[in-house]
Amino acid sequence: MAAKLLSRLRQLDTRLISPQHQRPFFRNARLFSGQQIPSSDSHPSLPPTPTPTPTPLPPPTAGSAGEKRQRTSSLKDHELAKFAAISDTWWDSEGPFKPLHAMNPTRLAFIRSTLCRHFSKDPNVPKPFEGLEIVDVGCGGGILSEPLARLGATVTGVDAVEKNIKIAHLHADLDPTTSTIDYVCTTAEKLVEEGRQFDAVMSLEVIEHVADPAEFCKSLAALTRPGGAVVISTINRSIRAYAAAIVAAEYILHWLPRGTHQWSSFLTPEELVMILKRSSIDVEEMAGFVLNPLTGKWLLSDDVSVNFIAFATKKAEG
Ligand SMILES: C[S@@+](CC[C@H](N)C(=O)[O-])C[C@H]1O[C@@H](n2cnc3c(N)ncnc32)[C@H](O)[C@@H]1O
Ligand SMILES: [Mg+2]
């Protein structure tokens, strides 16, 4: 088993460093909507990642995110089904969302420092985000939306899965500060159609689950006011990420249900920078998250080889 895994990883390694694969920007066909990428440029040696049998989503109902599914670009039904199937576990800090709970203080530290610097806010006051309107796209059960509200932001949380929004609502209602969060079952594209804009747009651990990351970034850009900020976190398409985020997290440690992540859906930091740039969003800061195995705590690091977070801005008008 170990030998088989090692040989698979070696195959992957060879594929990534072989001359025909030295153009990381051009490997990911999903970033080039409508453009044909030769099939040899896909992922020939990537072992198939098992996917669980997804629980089918209920048929789209009026007013749900499914309503415009034909016209939206970001929704992938089988990805949404994975989250719908475990939606009642969002607030179980030992359940399938344990890694998000564990990473939350670290990602909030990054968000707090970057947003405060950008919007000239004092990071040391109890509510540094007072006066900021923030949207949390793909908010799930509200693990990030809630602390953003506690830090003083006016928060809108959106998710394509109705069950997630219900759980988020119920949980937020337990505290008067978080009960102000406006949770809506919708998509970024739909908010754009409605002409909504925010000072800051967050989308953490979502882009690897959408159908078209470039189109998704365009929507995030459109939701950002001129002079506003975007924060995205995701997983690098690296060999280390395959070993850590899929083999270890799903198959050895059982932190996440098997099939949660598809390696080929990950983006490298360079690809993320590029697709945001095409939407006129400039990445200004990036950090990696690394787990200290002794304390079990996640730390910000320069190592972006597995989990990483990017802070980006949209130019002010004029
Ligand atoms: C890994 S969870 C991240 C939750 C939250 N952002 C966090 O980090 O705590 C991904 C979430 O994105 C949602 N999602 C996936 N694709 C989406 C899309 N195209 N539009 C809106 N939400 C989406 C899923 O339903 C799920 O709740
Ligand atoms: Mg993910």
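In what follows, residues are counted from 1 in the order of the sequence shown. Start at 1 and go down the list; that is how both ligands and their atoms are numbered.
- With His171 as the partner, the ring pair (Phe, Tyr, Trp, His ring centres under 6.0 Å) test is satisfied by one option alone out of Trp91, Tyr183, Trp90: Trp91.
- For ligand 1 and Ala160, the ligand atoms under 4.0 Å from any heavy atom of the residue are 20 (N), 21 (C), 22 (N).
- For Asn292, the CG atom is densely surrounded, since the number of other residues' heavy atoms within 6.0 Å is greater than 12.
- Between the Ser87 side chain and the Lys163 main chain, no donor and acceptor come within less than 3.5 Å of each other.
- Annotation for ligand 1: atoms under 4.0 Å from non-hydrogen atoms of Leu80 are 14 (N), 15 (C), 16 (N), 17 (C).
- Nearest-residue assignment for atom 24 (C) of ligand 1 (options Phe83, Trp90, Phe97, Phe216; heavy-atom criterion): Phe83.
- For ligand 1, the polar-atom distance check finds an N/O of Ser74 within less than 3.5 Å of one of the ligand's N/O atoms.
- Closest approach between the Mg ion (ligand 2) and any N/O/S atom of Glu208 involves OE2.
- The distance from ligand 1 to the heavy atoms of Gly140 drops below 4.0 Å at these ligand atoms: 27 (O).
- Taking only nitrogen or oxygen atoms, main chain and side chain alike, Gly138 reaches within less than 3.5 Å of ligand 1.
- Around CD of Glu194, the count of heavy atoms belonging to other residues, nucleotides or ligands within 6.0 Å exceeds 12.
- Residue contact check: Cys139 has heavy atoms under 4.0 Å from atoms 5 (C) of ligand 1.
- The backbone N or O of Val137 sits nowhere less than 3.5 Å from a side-chain atom of Asp159 that would complete a donor-acceptor pair.
- Around atom 7 (C) of ligand 1, the closest heavy atom drawn from Glu79, Arg107, Glu205 belongs to Arg107.
- Not one N or O of Val137 is nearer than 3.5 Å to an N or O of ligand 1, by distance alone.
- A donor-acceptor pair is defined here as one N or O able to donate and one able to accept, closer than 3.5 Å; such a pair exists between the side chain of His118 and the backbone of Gly227.
- Between Asn164 and ligand 1, at least one pair of N/O atoms sits closer than 3.5 Å.
- Between Asp159 and ligand 1, an N or O atom pair is found at a separation short of 3.5 Å.
- Within 6.0 Å of the NZ atom in Lys297, the count of heavy atoms belonging to other residues, nucleotides or ligands does not exceed 12.
- Those atoms of ligand 1 that come under 4.0 Å of a heavy atom in Leu204, given as number and element, are 3 (C), 5 (C), 6 (N), 7 (C), 8 (O).
- Considering only heavy atoms from C-beta on, Leu132 comes within 4.5 Å of Lys121 through its side chain.
- The backbone N or O of Val206 lies less than 3.5 Å from no partner atom in the side chain of Ser203, so there is not a single donor-acceptor pair.
- His261 contributes NE2 as its N, O or S atom closest to the Mg ion (ligand 2).
- In this structure, Thr178 contributes its side chain and Ala172 its backbone to a donor-acceptor pair below 3.5 Å.
- The atoms of ligand 1 that sit less than 4.0 Å from any heavy atom of Ile143 are 9 (O).
- Using a distance-only test at 3.5 Å, with no hydrogens or angles considered, a donor-acceptor pair links the side chain of Gln197 to the main chain of Ala222.
- With atom 23 (C) of ligand 1 as the reference point, the heavy atom nearest to it among Leu191, Thr260, Val206, Val158 is part of Val206.
- Distances below 4.0 Å separate heavy atoms of Val210 from the following atoms of ligand 1: 19 (N).
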